[in-house]
Amino acid sequence: MSIAAVKGMNDILPGEVETWQFLEATAHEVFGAYGFSEIRTPAVEKTELFSRSIGETTDIVEKEMYTFDDKGGTSLTLRPEGTAPVMRSFIQHRLHNLDPVSKLYYMGPMFRYERPQKGRYRQFHQIGAEVLGVEDAKIDAQVLAMLYQYFCRIDIEAVSLQVNSLGCPVCRPNYRKSLIGYLEARLEKLCPDCRRRYQNNPLRVLDCKSAGCKAAIADAPSVVEHLCADCDQHFEQVQRYLRTLDIPFVINVRMVRGLDYYVRTTFELVTDRLGSQNAVAAGGRYDGLVESLGGPPLPGIGFAIGVERLVLMKGEQRVAPATPQLFIAALGDEAADRAFVLMSALQRAGVRAEMDYLGKSLKAQMRRANKLHAAYTLILGEEELASGKAQLKNMSDGSQSQVDLVGLADILLQRLQG
RNA sequence: GUGGGUGUAGCUCAGUCGGUAGAGCACCAGGUUGUGGCCCUGGUUGUCGAGGGUUCAAUCCCCUUCACUCACCCCA
């Protein structure tokens, strides 16, 4: 057997890559309109960055990271998510000194050692955005509005925006305590996993998919009822601004986060079309993160979109590859040389032009022009060289006209670009 | 990490109750001595995932293994 790609890491081939390019180009455009700048960070970071930010006891850090020692003995990790590297870069370059508010976005591969399945891969791609320096609920709403606008622009529907508030270090401990008390009284109804984790990570139980757990937590205390005054007001304002902007959303008080740094506003864009990997985008507020990584005490909020999941949702409605505007069918060596020069001139001028390189028959060249969906085919043979006029065929209606060989490049440029 | 499913041509798959394989699509050529799409004719392509066992004989039965895939888990 020849060498295959690494498990869970996929090639993106012609035919599919056009969809990726569209999704990325639209992100540049939409995020740019909202005042975000792109930031690019390395694929590898010191391991400590992730263990400190994501949380030592999360699954990501405990068992899903690609971690290794480099030849100098430093423990490095392929980034499993994008927020921590952006925070690291932000702090390292003191970006808060340039502007009190930073709006950044990124896109690129992330790595997690998980068992691959539909919508979940070991190398996957995220498009993410982060805002640093604003606590006001307007920015929460603006980030959500931008995310919503992006999904409108890429024409993906069948997603629902779910919003929740997780509280802050002041109010969450109280909620935690009351939730643990509630779960303790119903331990025997919980699944084994939840029985094990209700002490360490009680919020996780709210997200459990087992029928027993779902029933057991049906009237569990909700986070929202336990918010402190500040958090409650913040959450109310977020909702008010979302309504002002006509952003449709639902409140899901059972939504939790897999990463430890989230506080207050959290959200997910979920769909029922991707099996169990139902989140196509997720994010939230992380007000303590920058400071905990050694930076200034700045609030932050952001999200990440799973690009593979978008591509899956686009499904059959793929973005079509660009097709040649002109195919030049040449017969004989002399005509092929003329065709080559002509094609090159057109390409320099930005016209998508193509010709045959394999010495095929005219019939075969026409077939290829058709297969490539060329808009026009120029036929150039001995007769045309002798008469000084080439045949230009419109491939959609089959009509054919004569064009002068003298100044042909300019004539074609006018026809094809005008 | 756990469980299920599937591995046969480039793709989607059929098949042999054990006698070393086929269809459609794709690709190539011809039907038109210089004109695509539709149609017709012909052609190319396989270590039947890998290793071992049973057998005169294995792509088929048995064992092992690998890969892919879906789900659990986790998450974008």
Side-chain angles (χ1 to χ4, degrees), chain A residues 1-8 10 13 15 54 58-65 79-83 107-129 147 159 191-194 196-197 201 204 207-210 255-259 267-271 274-284 302-313 327 329-332 335 356 358 360-385 390-400:
Chain A
M1 269 286 270
S2 47
I3 297 170
V6 173
K7 181 202 272 284
N10 303 119
L13 302 175
I54 298 173
T58 58
D59 276 18
I60 294 176
V61 170
E62 278 186 343
K63 46 194 190 191
E64 294 177 359
M65 297 205 304
R79 60 180 179 195
E81 57 103 34
T83 298
M107 53 183 74
M110 309 292 161
F111 304 85
R112 290 182 203 171
Y113 191 84
E114 299 182 272
R115 194 77 162 254
Q117 68 184 69
K118 184 175 186 173
R120 188 178 79 183
Y121 309 98
R122 288 183 173 178
Q123 179 182 130
F124 61 102
H125 296 75
Q126 291 188 332
I127 298 175
L147 183 61
V159 290
C191 71
D193 277 339
C194 288
R196 180 169 44 74
R197 67 188 167 196
N201 199 350
R204 191 87 257 166
D207 203 32
C208 185
K209 284 166 188 156
S210 104
M255 186 175 71
V256 300
R257 292 278 76 146
L259 286 64
F267 51 88
E268 276 179 18
L269 230 35
V270 300
T271 177
L274 290 178
S276 57
Q277 309 302 317
N278 66 341
V280 289
F303 64 77
I305 303 167
V307 183
E308 278 82 358
R309 293 177 186 182
L310 295 185
V311 173
L312 281 171
M313 289 199 72
F327 187 95
L331 287 158
D356 167 65
L358 304 177
K360 298 274 193 185
S361 68
L362 179 60
K363 183 191 181 100
Q365 293 189 56
M366 293 301 296
R367 260 205 284 264
R368 182 164 165 75
N370 184 60
K371 196 181 76 170
L372 296 174
H373 298 112
Y376 288 89
T377 299
L378 185 79
I379 297 163
L380 198 57
E382 287 164 18
E383 287 174 18
E384 285 74 16
L385 292 181
Q391 308 288 331
L392 184 64
K393 180 163 187 171
N394 180 326
M395 295 298 280
S396 53
D397 63 17
S399 66
Q400 205 159 301

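Naming: A, B, ... by sequence-line order, numbering from 1 per chain.
- Contact annotation for A/E383: base contact, defined as any heavy-atom pair under 4.0 Å involving a base atom.
- Note on A/R120 versus A/E114: salt bridge recorded, some NZ/NE/NH1/NH2 to OD/OE distance being below 4.0 Å.
- Contact check on A/K118 versus A/E308 returns no salt bridge, with no Lys/Arg side-chain nitrogen under 4.0 Å from an Asp/Glu carboxylate oxygen.
- The shortest side-chain heavy-atom distance between A/Q123 and A/M110 does not fall under the 4.5 Å cut-off.
- Using Watson-Crick or G-U wobble geometry with both donor-acceptor distances under 3.5 Å, B/C17 finds no partner in any strand shown.
- Nucleotide B/G36 is matched to nothing when pairs are restricted to Watson-Crick or G-U wobble geometry with both distances under 3.5 angstrom.
- For the C1' atoms, the distance linking B/A67 with B/C73 amounts to 22 Å, nearest Å.
- Between B/U12 and B/U45, the distance separating the two C1' atoms is 16 Å to the nearest Å.
- Heavy-atom distances to RNA chain B give each of A/N278 and A/L331 a nearest nucleotide, and the one nearer the 5′ end belongs to A/L331.
- Looking at heavy-atom distances under 4.0 Å, A/G283 makes no contact with the nucleic acid at all.
- Where A/E64 and A/V6 each meet RNA chain B at their nearest nucleotide, the meeting point lying more 5' is that of A/V6.
- Between the side chain of A/Q117 and the base of B/C73, a donor-acceptor pair under 3.5 Å is found.
- Rounded to an integer number of Å, the gap from A/R79 CZ to B/A76 C1' is 13 Å.
- Looking at A/Y376, its side chain never comes within 3.5 Å of a backbone N or O of A/A374 through a donor-acceptor pair.
- Here the separation of B/G7 from B/U59, taken at their C1' atoms, is 12 Å to the nearest Å.
- Across all strands shown, B/C75 forms no Watson-Crick or G-U wobble pair with both key distances under 3.5 Å.
- With A/R112 as reference, A/E81 is the one residue of A/K63, A/E81, A/M65, A/R79 to meet the side chain to side chain contact (heavy atoms under 4.5 Å, CB included) rule.
- Distance alone, capped at 3.5 Å, places no donor-acceptor pair between the A/N394 side chain and the A/G398 backbone.
- Following rounding to the nearest Å, A/M65 (CE) and B/A76 (P) show an atom-to-atom distance of 15 Å.
- Using atom C1' as the reference point in both B/U6 and B/C48, the two lie 14 Å apart (nearest Å).
- Residues A/M107 and A/V307 have side chains not in contact (no heavy-atom distance under 4.5 Å, counting atoms from C-beta outward).
- For the residue pair A/A390 and A/L380, the shortest heavy atom distance occurs at CB-CD1, 3.9 Å.
- Across B/C73, B/C28, B/A76, the shortest atom-to-atom separation from the side chain of A/D59 is found for B/C73.
- Of the P atoms belonging to B/G22 and B/U16, the separation is 14 Å, rounded to the nearest Å.
- Across the C1' atoms, B/C75 and B/G49 are found 31 Å apart, a figure rounded to whole Å.
- B/U47: no Watson-Crick or G-U partner with both key distances under 3.5 Å is found in any strand.
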Chi angles and distances behind the salt bridge (charged side-chain N to carboxylate O under 4.0 Å, His left out) call for A/E64, A/R122: CA-CA 9 Å; A/E64 294 177 359; A/R122 288 183 173 178; over 6 Å; no
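- Here the C1' atom of nucleotide B/C73 and the CZ atom of A/R204 are 10 Å apart, to the nearest Å.
- Checking B/A71, B/A76, B/G30 against every side-chain atom of A/Q126, the shortest atom distance belongs to B/A76.
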Provide a list of protein-nucleic acid N or O atom pairs under 3.5 angstrom, restricted to nucleotides 35-40 of chain B.
residue	atom	partner	partner atom	Å
B/U35	O2	A/K393	NZ	3.3
B/U35	O2	A/Q400	OE1	3.4
B/U35	N3	A/Q400	OE1	3.3
B/U35	N3	A/Q400	NE2	3.1
B/U35	O4	A/Q400	NE2	3.0
B/G36	O2'	A/N370	ND2	3.2
B/G36	N7	A/K393	NZ	3.1
B/G36	N1	A/M395	O	2.5
B/G36	N2	A/N370	OD1	3.0
B/G36	N2	A/M395	O	2.6
B/G36	N3	A/N370	OD1	3.2
B/G37	O4'	A/N370	ND2	3.0

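- A/F327 pairs with exactly one of A/D356, A/N370, A/I379 by the side chain to side chain contact (heavy atoms under 4.5 Å, CB included) rule, that one being A/D356.
- Within 6.0 Å of CD in A/Q400 there are more than 12 heavy atoms belonging to other residues, nucleotides or ligands.
- Residue-level contact check: A/E268 touches neither bases nor backbone, having no heavy atom under 4.0 Å from any strand.
- Separating the C1' atom of B/A58 from that of B/G51 is a span of 14 Å, rounded to the nearest Å.
- Residue contacts shown for A/L259 are limited to sugar-phosphate atoms, with no base heavy atom under 4.0 Å away.
- The base of B/C70 does not come close enough to the side chain of A/R120 for any donor and acceptor atom to sit less than 3.5 Å apart.
- As the counterpart of B/G10, B/C25 is assigned, both hydrogen-bonding distances of the Watson-Crick or G-U wobble pattern falling under 3.5 Å.
- Rounding to whole angstrom units, CD1 of residue A/I54 and P of B/C75 are separated by 11 Å.
- Atom CZ of A/R122 and atom C1' of B/C73 are 14 Å apart (whole Å).
- Residue A/A304 is in sugar-phosphate contact alone, with no base atom involved, counting any heavy-atom pair closer than 4.0 Å across all strands shown.
- Rounded to a whole Å, the CD atom of A/E81 is 18 Å from the P atom of B/C74.
- A pairwise comparison of heavy atoms in A/P116 and A/G8 identifies CG-CA, 3.8 Å as the closest pair.
- Base pairing of B/C61: its partner is B/G53, meeting the Watson-Crick or G-U wobble criterion (both donor-acceptor distances under 3.5 Å).
- A heavy atom lying under 4.0 Å from RNA chain B marks the following residues of residues 107-116 of chain A, by number: A/R112, A/E114, A/R115.
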